[in-house]
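Here's the structure, in structure tokens; my notes come after.
From a predicted model like this one, the values you see are computed outputs, not experimental measurements. All chains are named by letter (A, B, ...) in the order of the sequence lines, taking the proteins before the strands, and each is independently numbered beginning at 1.
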Amino acid sequence: MATEFTHLDELEAESIQILRETAASFERPVLMYSIGKDSTVLLHLAMKAFWPAKPPFPLLHVDTTWKFREMITFRDATAKRLGVDLRVHINQEGLAAGVNPFASGSKVHTDVMKTQGLRQALDQGRFDAAIGGARRDEEKSRAKERIFSFRDKHHRWDPKNQRPELWNVFNTRVHQGESIRVFPLSNWTELDVWLYIWKNRLPVVPLYLAKARPVVERDGALIMVDDDRLPLLPGEKVQTMKVRFRTLGCYPLSGAIESEAETLEAIIEEMLLAKTSERQGRLIDHDSSGSMEEKKREGYF
Amino acid sequence: MASPTSIPVMNEGERVDDYLRRYERNELLRFLTCGSVDDGKSTLIGRLLHDTGRIYEDHMAALEKDSKVHGTTGGGLDLALAVDGLKAEREQGITIDVAWRYFATARRSFIIADCPGHEQYTRNMATGASHCQLAISLIDARKGVTTQTRRHAFIASLLGIRHVVAAVNKMDIVGWSEERFRAIEREFVDFCARIGIPDPVAVPISALNGDNVVKRSEHTPWYSGSPVLELLEAVPVDRPSPDANFRMPVQFVLRPDLNFRGFAGQIAAGSVKPGDRVRILPSGKETRVRRIARAPEDGGDAPLAYAPQSVVLTFEDEVDCSRGDVIVCIGRDPAVTQRVECDLVWMQEQPLVRGQQLMLRVGAKQTACTVRRVRWLVDVDTLGTQPADTLRLNEIGRVELECEERVVVDGYRECHGTGALILVDRMTNATAGAGMVRLATEAGSKRAHWETEALATLERAEDKPSFVNAEERERRWQQKPRTILLYGPPGSGKTREAHEMERKFFDQGAAVVMLDGQAMRRGLSKDLGFSDEDRSENLRRAAEVARLLNDQGFVVILAMAAPDPEARERARELVGQDRWEARNMGAR
């Protein structure tokens, strides 16, 4: 009798149950694929949950047009390799208005291209359930988040009006126009995610691994010069440093860390010795205390 | 130097691979913390995270900043703020909801459900407890075991938690008094024994200073037990037993092509292997399991699967099976029924009322249901029950539901996966209630005979009403029928009191009958001995007789030992809440 049932086995079984409930309970579910490590695990679990069939929902990537090029390459290769239906949405109005991280500022850029873009994509696809890879250990306001998180017609999250969630019996009922955000990785920690990737030998975006890359130092963060759209400020100069990323997003808004970790094992080793949280490198969270909570109310993932 | 995170420390010279292989074997324990606003619950969690190194430097910096603005420790580091998430609740100084926290040591990975102690405690605690195997109840050493403590332990036991730890906090303020601690410990352990929690433990701590939280305290040489963290690492993790009866609610049917039909679900109890005979409920069709299907890259088909794995099964035969069905082993079947009785926690502002229509969800099954009746309401403070027509927000009661379709259920105690249900408001879609199924046939249920008998007789009475109605009888006898139970051990004077009472009633012109437990045993209960079950059965028979006599309009006085409170509760049920009165005649 196999008796060794580890915490990772338990988390996996739980996430698969959630994915299947989502597929069975909603008319038009969609998996928000953001290319990062959490999405990698999420996608793997979705493949596993419905094997030998394909996941009965498409993947959606909201592209701000400022993602790292390597992310886009990885995204397209992954969709092809797994044979899944990948849809890409870009906020064309935002693009036409010339919104970008520099002229508009990170806050407006994120709001228009990411948050508004997401809402557009969900409305256009009439998706009633959007599956995301967020974890509760990422950030304080996430710690209270439900696995099936209710959003009103305007995609808003009301922290005071959340449905109690007991056992694995989920309330998936919504009225027309309302939706649910589903977080199958709620109970995973950052280490669990890496451990799972390591154990299952899942390919990840090479940006997670240290490599000599062109960067500039800006406001105490190392920003990678991923293409020629990054305007250099007076006194800034591009230098080549061995860096990697703990989280991936828009390249002008993602801080790199100096690192020698060229393998998955080495990343994990560095993480074990890290003194700061992974969201530290993500510039948008630090606008004000509680800023993630405000973004969530607006409909940010 | 302390490890910067509480994830297990790498050994000297250990390779990452070996480390990961070691960490990978960690078991998962989910526990909840409950306590009143000032008991130091958030501080205890903050302490667990802090002393195991979980708080990152950037979080710590934010915490130091927050402590100066919102803190309650005079500008000093307020660890409670580390676990308070939302702005609104930070400003109010209370936790609004269940907050989830994560940490790991070299032995275990932990998930904490941090449950608030204010007036929404029942709803929130039930929610947290439904996910957990252990509960930590914070007790303020100055206040001792309070009503609140008892409520917490009761809700934990109701939700099936077997391990409860009393963290007796603020021991520093009572001068680390062993006497004080022992008194609290005794009271707590006694109470847990009463409500059937098998494994209560008390620990003297100071969350503020970290005594006996992660590290053993110097102030408690008289305490030989473990600090809180050690207890958390050592308590056995309750998993669904692989030897239990196999249960798998079908979530999803996979049909990638005409040659494959797989049934996907998470195993709720027991284990299964290819070749096993199984039954599909509610249809009752039988077949054999052909495969436990798995992708080649995951090692191919599995030879065995067990709870709580998520799997895909295929069958030998083309049998009907769809979402909401339950696959079970041949042997002890769950109940397949439209009528479900459960202990219900009501979570909605608008009260539950008889006749109300709701959506019910159990396993992967969803069906409309109607509230047939509220059998009783539990007084969480006294653990007594009382008659009720409705359940209000945060109240707990026994409720009978009539489902539109048949559902497949086990008793909650036997299997959470097929015994836990939620009720959803049909208009607002809000989650209105959470129920734990109670079955008459549930193993270990002392009440089995009460349930079946009570239900069957009730239905008979409803079917064929008498031609003489209750009002006519009342007018004839000039009295309202009722049953008065005088109970207590031999020598408590119950029989003498009963005779005197009978005399008084008789003299007043009442139609009265006195039933003596000893007299019962000479005839009606000749076959019974003095075991708990037999005593309970004797009381049931007396109550049945009393009910019949009450129906005829008589006043009945019972003189019985009736030592079991649950049996007395059942007798009250049977006779009818409004006709029943029980008086304790002795010191039990």
### Query
Sequence neighbours excluded, which residues qualify as side chain to side chain contact (heavy atoms under 4.5 Å, CB included) partners of B:Thr314?
B:Phe260, B:Arg290, B:Arg291
### Atom group of A:Glu10 that falls short of 4.5 Å from chain B, counting heavy atoms
side chain
### Query
For B:Asp298, is it the side chain, the backbone, both or neither that has a heavy atom under 4.5 Å from a heavy atom of chain A?
side chain
#### Entry: Which atoms of A:Lys54 approach chain B - backbone, side chain, both or neither, heavy atom under 4.5 Å
neither
### Task
Check each atom of A:Asp9 against the heavy atoms of chain B and say whether the ones under 4.5 Å are side chain, backbone, both or neither.
neither
### Message
Determine whether a donor-acceptor pair (N or O, by modelled atom type, separation under 3.5 Å) exists between the side chain of A:Glu178 and the backbone of A:Arg151.
### Response
no
### Query
When heavy-atom pairs shorter than 4.5 Å are enumerated against chain A, which of B:Val362, B:Asp17, B:Thr428, B:Val312 gives the highest number?
B:Asp17
### Query
Is a salt bridge present between A:Arg246 and A:Glu258, judged by a nitrogen-to-oxygen distance below 4.0 Å?
no
### Task
Go through the atoms of A:Ser15 and report whether side chain, backbone, both or neither lie under 4.5 Å from a heavy atom of chain B.
neither
### Message
Aromatic contact between B:Phe263 and B:Phe252, with the criterion being ring centroids under 6.0 Å apart: yes or no?
### Response
no
## Note on the structure
If one checks every heavy atom of B:Thr127 against chain A at 4.5 Å, the contacting part turns out to be both
### Query
Quick one: salt bridge (Lys or Arg N to Asp or Glu O under 4.0 Å) partners of B:Arg294, sequence neighbours excluded?
none
### Task
Below 4.5 Å from any heavy atom of chain A, which atoms of B:Val311 appear? Answer side chain, backbone, both or neither.
backbone
### Query
Non-hydrogen atoms of chain B under 4.5 Å away: do they reach the side chain of A:Glu14, the backbone, both or neither?
both
### Query
Do A:Trp167 and B:Tyr412 have ring centres separated by under 6.0 Å?
yes
### Task
Determine the option with the most heavy-atom pairs under 4.5 angstrom with chain A, choosing from B:Pro249, B:Gly363, B:Gly435, B:Ala364.
B:Gly435
### Message
Please classify the contact between B:Ile111 and chain A as side chain, backbone, both or neither, with a heavy-atom cut-off of under 4.5 Å.
### Response
side chain
### Query
For A:Leu264, is it the side chain, the backbone, both, or neither that has a heavy atom closer than 4.5 Å to a heavy atom of chain B?
neither
### Message
Is B:Ala430 in contact with chain A via its backbone, its side chain, both, or neither, using a 4.5 Å heavy-atom distance?
### Response
backbone
### Query
For chain A, which of B:His416, B:Met359, B:Glu27 has the most heavy-atom pairs under 4.5 Å?
B:Met359
### Query
Do B:Pro303 and B:Lys273 come within less than 4.5 Å of each other through their side chains, counting heavy atoms only?
no
### Query
Can A:Arg135 and A:Asp38 be counted as an ion pair, charged N to O under 4.0 angstrom?
yes
### Query
Is it the backbone or the side chain of B:Glu297 that comes under 4.5 Å from a heavy atom of chain A, or both, or neither?
neither
### Query
For A:Thr172, is it the side chain, the backbone, both or neither that has a heavy atom under 4.5 Å from a heavy atom of chain B?
both
### Message
Can you confirm whether or not the ring centre of B:Tyr23 sits under 6.0 Å from the ring centre of A:Trp198?
### Response
no
### Message
Taking every non-hydrogen pair under 4.5 Å, which of B:Ala293, B:Ser109, B:Ala295 racks up the most with chain A?
### Response
B:Ala295
### Summary
Partner of A:Ile131 under side chain to side chain contact (heavy atoms under 4.5 Å, CB included), picked from A:Leu43, A:Leu42, A:Ile180, is A:Leu42
### Task
Salt-bridge test for B:Arg15 and A:Glu265: reply yes if a basic N is under 4.0 Å from a carboxylate O, no otherwise.
no
## Note on the structure
When the 4.5 angstrom heavy-atom criterion is applied to B:Leu29 and chain A, the contacting part is neither
### Query
Distance-only, no hydrogens or angles: does the B:Asp425 side chain make a donor-acceptor pair with backbone N or O of B:Met427 under 3.5 Å?
yes
### Query
Do A:Trp188 and A:Tyr196 have ring centres separated by under 6.0 Å?
yes
### Task
Against chain A, work out which of B:Glu24, B:Arg25, B:Arg255 has the most heavy-atom pairs shorter than 4.5 Å and name it.
B:Glu24
### Query
Which answer fits B:Leu20, side chain, backbone, both or neither, if we ask what part of it has an atom under 4.5 Å from a heavy atom of chain A?
both
#### Entry: Under 4.5 Å from a heavy atom of chain A, the part of B:Arg323 involved
side chain
